[in-house]
Amino acid sequence: MTQTSNFLLGLGLHAGAHGDDPDWRGFWGGLVGRLDGVAEFLTLEDRFADPGQDGLDAILLANWLAPRSRQIGIIAGAPLNFVEPFHVSTAIATLDYVSEGRAGLLAQRLGWQRSAEAGRAIGALNGFPAIEQPSLDSDALAAIEVVRRLWDSWEDHAVIRDVASQRYVDGEKLHYIDFQNADFRVLGPSITPRPPQGQPAVAVSWTADADLALARAADVVFVPAAGDLAGMAAKLRGDGPGKEPKLIADLHVGPDGWDASDLAAAIRTSAAQGARGVRLILPDPHRQIADVVDTLVPALRADVLADPPLGGHLRSRFSLPAVRNRYAAAA
Amino acid sequence: MSKKQIILGAQFPGVNNFTVWSDPAAGSQIEFSSFRHFAESVERGKFDFIFLAEGLRVREQKGRFHELDVVGRPNTLAILTALASITRHVGLIGTLTTTFNEPYPLARQLATLDILSGGRAGWNVVTSPGAFTGANFRRGDHLPFRERYERARDFLETARSVWRGGDFYASSPHFDIAGRTGWGPLPQGAPVIAQAGDSDDGRELAAGHADLIYSRHGTLEEGQTFHADVKQRLAKYGRSRDALKILPGANFVLGETLEDALEKQKAIRLQQVSPKNAIVFLEQVWNRDLTAYDPDGPLPDVDPDVAVEQLAQGRAARYDNRLETARAWREVAEREKLSIRELIIKVTARKQFVGTPAQVAEEIDRYVQADAADGFVFAPHLTPGGFDEFVEKVIPILQERKVFRQDYAASTLRGNLGLPEAWQPVAKAV
């Protein structure tokens, strides 16, 4: 049986309420302890404004998990239509500092119902999109652009600590991003220096009939494993010489157990179609996590996944190219 | 009768000239290792809380980025939540604006911090200058200056409804929102609320809503006057005198002897006010380009320019009456024969406790027992080791004097501050 080398195994969880267990710290502390060194990455979906399911802010949870782990990549979700891109950018940059280069952003597009609920939870405000598809689509793209530009708004080595000239920072290496569209403007620069990865990986969950522009703006795209992966990759690639999309196949692990050989077969199929890795989605992690870590992951490793987690900067694990700072003067 | 217990907050050295970066001992302002060092040190010292200031736009001077001081900081809530993960007892208070946040997302983030820290979250509620900071946010300069406290008060009431858990709802001039959260009562009921405003509006907001005041009144007499004024406002909100703690910001310099400490203080002040920085401070009042002036020479003989827009942007300190300030500074400089740099060192000084560890401990205690303060929020001048010596030498003396805890007594920040363990709603002013 052929094993798939450098194929990534991640887990998909949400930061919302998990059953009636009020011991949030015990649950998350225990979970990251089990997953670190076992899974390559963890995605934390934010249940912003999900009535009754709404729990922890996913980016803050990620910052809490980072010092308790050494290896696992942490991709934290944010509903970009309903929050400030400036705050998201600095919080993910902070996660990248705290985790020493293991941070990613899951750019969440909420479904129709959730968007309406999120709109009620923040109120109707200038500078935020109307709750209608075209506005939400273009706003999410704009927010990603702002978040990314802010990460570049400090060049590497902007902090010079030059006693002779009495200057702490070289102002020439800070840059306005001056983003503006019909709805809002962000001037910059960030208040947070460029994060260790430069550009933490931006991920989206995507299906073939969803917003293509958003998926193209991302570094990593989560897609249903049952879909036509090769077709989706072609669609993402488009005509141009654009970047090669990094597809990760989503596999749902049923709450009532699984058949490891079925999952292994699905992984093999995804890999053959060009997926870079797989994300196991656990609907009921409280009950599932012990079995997944103790039984399922070892079975998959023995069968189809050759390598233990790679470690290092999260971008490099997804084979994302090194990024050049858009504002840095060409060398 | 047992003595009043001292409250101690530890401010992470931030984005201003008090943080000395040119010293060989000055470490990174952004690497997590610096925050870890700082947090572990102050928790070893049994401090009540860590305190972070806020600045949401890089400061500018004459239309250029200000280069002379430390700049660059993490996201406040993100770094506090990371610190919650590596500490067990120390409180975590962040300064967060009500102007460029919305109640539901911010209250939810503070709830997250309270849950993940096991009840150690605190919020220093501030308002932000509109157009300058607003340039980084969706809503831009959305709030008339006179409404900033009204929005802050509404914001707090709305946040409390989110913190209660379950259904939340607000319908007020500033907020019209509704939803349902998935958490029950928070570990502290509500995060500890701090307030820093010094105006009459700010003091009322604090008397009605806050648990702590971060004040600027550092001298004994000013402190006593402020303390008395704020405490007498509590009764009309049905609150006891103990329900609100007053904590001036302060600095310290330790030495082997008093003379040694004074020498160190002088050296630190020279590092904090570099020659170029002295000119920048002067420009804030004069509002003109003064780069041609010698920092070691006399003050300019021209008057401030009051006609044009302010040159300095993004600083907390503002000089509203420039002509009057300039006149007063000239008077001091002439009387004491001070150069520009010497004058700036003098007029920008904050409350400092200077001396041997025993002298500093005694002086802190004297202020607190005399009701000039209930404690202090100290900001050291060095990152990340600025508290190491204080923790090693001053804290044990305070403990021997039986005015500071030997160990944490409660699991929540509220409990350690001597506040009721969970927040109780207070009556509106009558």
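By convention in this document, chain letters (A, B, ...) are assigned in the order of the sequence lines, proteins followed by strands, and residues within each chain are numbered from 1.
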Completion exercise
CD (E172(A)) and CZ (R64(B)) are apart, to the nearest 0.5 Å, by 5.5 Å

Fill in the blank from the handout: Ranked by heavy-atom pairs below 4.5 Å to chain A, first place among A170(B), A178(B), S22(B) goes to A178(B)

Exercise for the section: Go through the side-chain N and O atoms of T90(A) and N75(B) and say whether any donor and acceptor fall under 3.5 Å apart. Expected result: yes

Problem - Top of P74(B), P103(B), G179(B), A82(B) for chain A proximity - count of heavy-atom pairs under 4.5 angstrom - result: A82(B)

Problem - Chi angles and distances behind the side-chain contact (heavy atoms from CB on, under 4.5 Å) call for R167(A), W21(B) - result: CA-CA 10 Å; R167(A) 293 183 310 154; W21(B) 55 261; 5.6 Å; no

Exercise for the section: Against chain B, label A143(A) side chain, backbone, both or neither, depending on which of its atoms sit under 4.5 Å from a heavy atom there. Expected result: side chain

Exercise for the section: For each of I86(B), V71(B), I79(B), tally heavy-atom pairs with chain A at distances under 4.5 Å, and name the one with the top tally. Expected result: V71(B)

Practice task
Please report the shortest heavy-atom distance between Y97(A) and F32(B), naming the atom on each side.
Solution key: O-CB, 4.0 Å

Problem - Test item: side-chain donor near acceptor, Y104(B) and D54(A), under 3.5 Å - result: yes

Exercise for the section: Kindly compute the distance separating NE2 (H66(B)) from OH (Y168(A)), expressed to the nearest 0.5 Å. Expected result: 12.0 Å

Problem - Side chain / backbone / both / neither for F35(B) at chain A, heavy atoms under 4.5 Å - result: neither

Exercise for the section: Please look at F137(B) and chain A and tell me whether the side chain, the backbone, both or neither of the residue comes under 4.5 angstrom of a heavy atom of that chain. Expected result: both

Problem - Distance (rounded to the nearest 0.5 Å) between L125(A) CG and D176(B) CG - result: 10.0 Å

Fill in the blank from the handout: Turns out that what part of W28(A) lies under 4.5 Å from chain B's heavy atoms comes down to neither

Problem - Considering all heavy atoms, the nearest R68(A)-S85(B) contact - result: NE-OG, 2.6 Å

Fill in the blank from the handout: Heavy-atom nearest pair, I191(A) first then G55(B), reads CG2-O, 3.2 Å

